[in-house]
Amino acid sequence: MSPNGAYLIRGASLLGKERADLLIQDGLIAAVGQDLTGPEGALVIDADGLIALPGMVDLHTHLREPGREDAETVETGTRAAALGGFTSVHAMANSNPVADTAGVVEQVYSLGLKSGWVDVRPVGAVTVGLKGERMAELGAMADSRARVRVFSDDGMCVHDPILMRRALEYVKAFDGVIAQHAQEPRMTDGAQMHEGDVSAVLGLPGWPAVAEESIIARDVLLAQHTGSRLHICHVSTAGSVEIIRWAKERGINVTAEVTPHHLLLTDESVRSYDPVYKVNPPLRTESDVEALRRGLADGTIDIVGTDHAPHPSEHKECEWAQAAMGMTGLETALSVVQATMIDTGLMTWADFARVTSAAPAEIGRVATQGRPLEPGEPANVILVDPAARRTVDPHKMATMGRNSPFAGLELPGVVRTNFFAGHPTVLDGVLNTPRPAAAEETPWIG
């Protein structure tokens with residue numbers, strides 16, 4: 001640790017391109033250039049062979065607290081986020097109680113400030129109790145200390161078109177966005193995995209792609225009608241990518257995300273009957289995976305969202321039909337995206353910064369995240385070793401969830417250092433200290 005809060009990063013590759021030094025001081029990037037010198041006492045970090053990137057921003061994280069602390073807490077989840085290279089996460093609303101009031105979102109926000117590992121932004125529920133019957137207090141959550149700008153019933157679909165239209169209209173007043181979990185519930189009742197050849201062989205009830213695609217088609221038309229912002233969570237099918245591409249070509253204000261596990265895994269994994277592969281939406285086919293990768297590469301899909309969903313082991317170590325849906329993802333996201341998108345030549349590290357930092361910060365309207373690595377910008381910076389490889393061991397992770405679908409896989413890329421608002425939360429690949437709880441709150445765009 002530097003006694004004066006100054007850090008001199010030497011010889012980092014900025015966004016995987018030119019090498020430069022970065023001086024971090026007083027929470028900001030003070031200088032970028034060659035052969036920089038820092039103030040006396042500055043801690044010097046040798047970044048030879050490392051890539052400097054803006055801190056990652058996750059628009060889709062389940063931190064479980066309040067009420068489900070047996071699965072995760074804000075403290076453990078944000079420790080995992082810091083180790084994974086994130087400096088900001090959006091905490092989904094399906095806690096207990098549900099984050100559908102100003103009081104609950106302010107509680108989550110305060111827990112994030114107290115933990116100090118990353119910037120925590122609560123996501124507010126669209127409907128009361130996630131029941132899809134009555135709109136929640138969107139305005140009160142937007143005006144609260146948490147300044148909520150993203151609203152989602154994730155885990156449940158806002159399936160009523162009238163209610164969805166009203167929500168889209170309502171959030172326009174404060175530049176909010178509705179993040180939809182696209183799943184027609186009547187088409188997926190009892191579904192256990194993707195509907196296709198593998199489900200037929202295994203005898204498991206199928207989850208058709210059209211259940212996702214039909215909701216997306218409806219909602220992009222509603223977004224066009226209302227002129228509001230729509231975000232599609234965890235896109236998983238080739239058809240969904242085509243619908244979103246069609247909408248963007250017509251100027252409809254829609255954004256979309258893909259998860260790391262949908263970029264790498266297919267429904268073939270389910271042949272093992274291992275519930276670690278049970279997830280919502282389900283793992284799809286190889287052709288879907290290829291379409292998702294192309295969609296992320298060409299900008300049809302805007303961002304990567306982890307959908308980090310930790311569960312107690314007893315909720316996963318059981319028979320398939322009874323197992324909970326969900327996978328962890330915060331500590332493996334960077335590695336999976338590097339393996340599927342960068343090492344395959346589909347994207348560059350500059351593209352990586354766009355889909356994991358700049359674009360999610362813009363969608364979530366967080367002002368100090370996703371900023372360029374330039375003097376005067378907030379020092380949310382990570383250093384990544386792209387040549388390092390590691391074998392995923394869920395038992396060595398900071399998250400409480402052990403339900404990683406990547407267990408045992410060797411993946412590339414390791415986060416060596418993480419600066420959150422100029423404070424090193426991770427040094428030499430291990431947790432250091434959190435940012436002081438008394439730090440100022442992060443302002444919002446708009």
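Quick note: residue numbers are just sequence positions, from 1.
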(request) Working to the nearest 0.5 Å, report the span between CZ of F419 and CG of L427. (result) 6.0 Å
(request) Could you verify whether a donor N or O on one side chain and an acceptor N or O on the other, from E72 and T76, lie under 3.5 Å apart? (result) yes
(message) Testing the 3.5 Å rule here: is there a donor-acceptor pair between the side chains of R284 and T237?
(response) no
(message) Is a donor from one side chain sitting under 3.5 angstrom from an acceptor on the other, for E212 and S240?
(response) yes
(request) Using the salt bridge (charged side-chain N to carboxylate O under 4.0 Å, His left out) rule, take R245 and E249 through it: C-alpha gap first, then chi angles, then the decisive distance, then the call. (result) CA-CA 6 Å; R245 183 174 287 119; E249 288 171 351; 5.4 Å; no
(message) If I take atom CG from residue D100 and atom CE from residue M141, how far apart are they, to the nearest 0.5 angstrom?
(response) 6.5 Å
(message) If the threshold is 4.0 Å, N to carboxylate O, is there a salt bridge linking D175 and R229?
(response) yes
(request) Could you grab the distance from atom CD of E242 to atom CD of E213, nearest 0.5 Å is fine? (result) 10.0 Å
(message) Tell me if a side-chain donor or acceptor on S144 pairs with a main-chain N or O of A102 at a distance below 3.5 Å.
(response) no
(message) Can you confirm whether the side chains of E331 and T399 place a donor and an acceptor under 3.5 Å from each other?
(response) no
(message) For the NE2 atom of H261 and the OH atom of Y277, what is their distance to the nearest 0.5 Å?
(response) 12.5 Å
(message) Quick check for you: to the nearest 0.5 Å, what is the distance between M92 atom CE and T61 atom OG1?
(response) 8.0 Å
(request) Could I get the full list of ring pair (Phe, Tyr, Trp, His ring centres under 6.0 Å) partners for H60, not counting sequence neighbours? (result) H62, H234
(request) May I ask you to decide whether E65 forms a salt bridge with R68, counting only side-chain N to carboxylate O separations under 4.0 Å? (result) no
(message) For E410, is there an ion pair with R389 - N to carboxylate O distance below 4.0 angstrom?
(response) yes
(message) Tell me whether N403 contacts the main-chain N or O of H311 through its side chain, where contact means a donor paired with an acceptor under 3.5 Å.
(response) yes
(request) Just jot down the side chain to side chain donor-acceptor pair (under 3.5 Å) partners of R416, sequence neighbours excluded, or say none. (result) D385
(message) So that I can tick it off, tell me whether R293 and E290 are bridged by a salt bridge, with the cut-off set at under 4.0 angstrom between side-chain N and carboxylate O.
(response) no
(message) One thing to verify: whether R10 and D46 come together as a salt bridge, which I'm taking to mean a side-chain N less than 4.0 angstrom from a carboxylate O.
(response) no
(message) Does either side chain, that of T306 or that of D58, offer a donor lying less than 3.5 Å from an acceptor on the other one?
(response) yes
(message) Regarding R64 and D70, does a basic nitrogen lie under 4.0 Å from an acidic carboxylate oxygen?
(response) no
(request) Check whether any side-chain N or O of T391 sits under 3.5 Å from a backbone N or O of L409 as a donor-acceptor pair, and report yes or no. (result) no
(message) Using 0.5 Å steps for rounding, measure from the CZ atom of F352 to the CE atom of M347.
(response) 8.0 Å
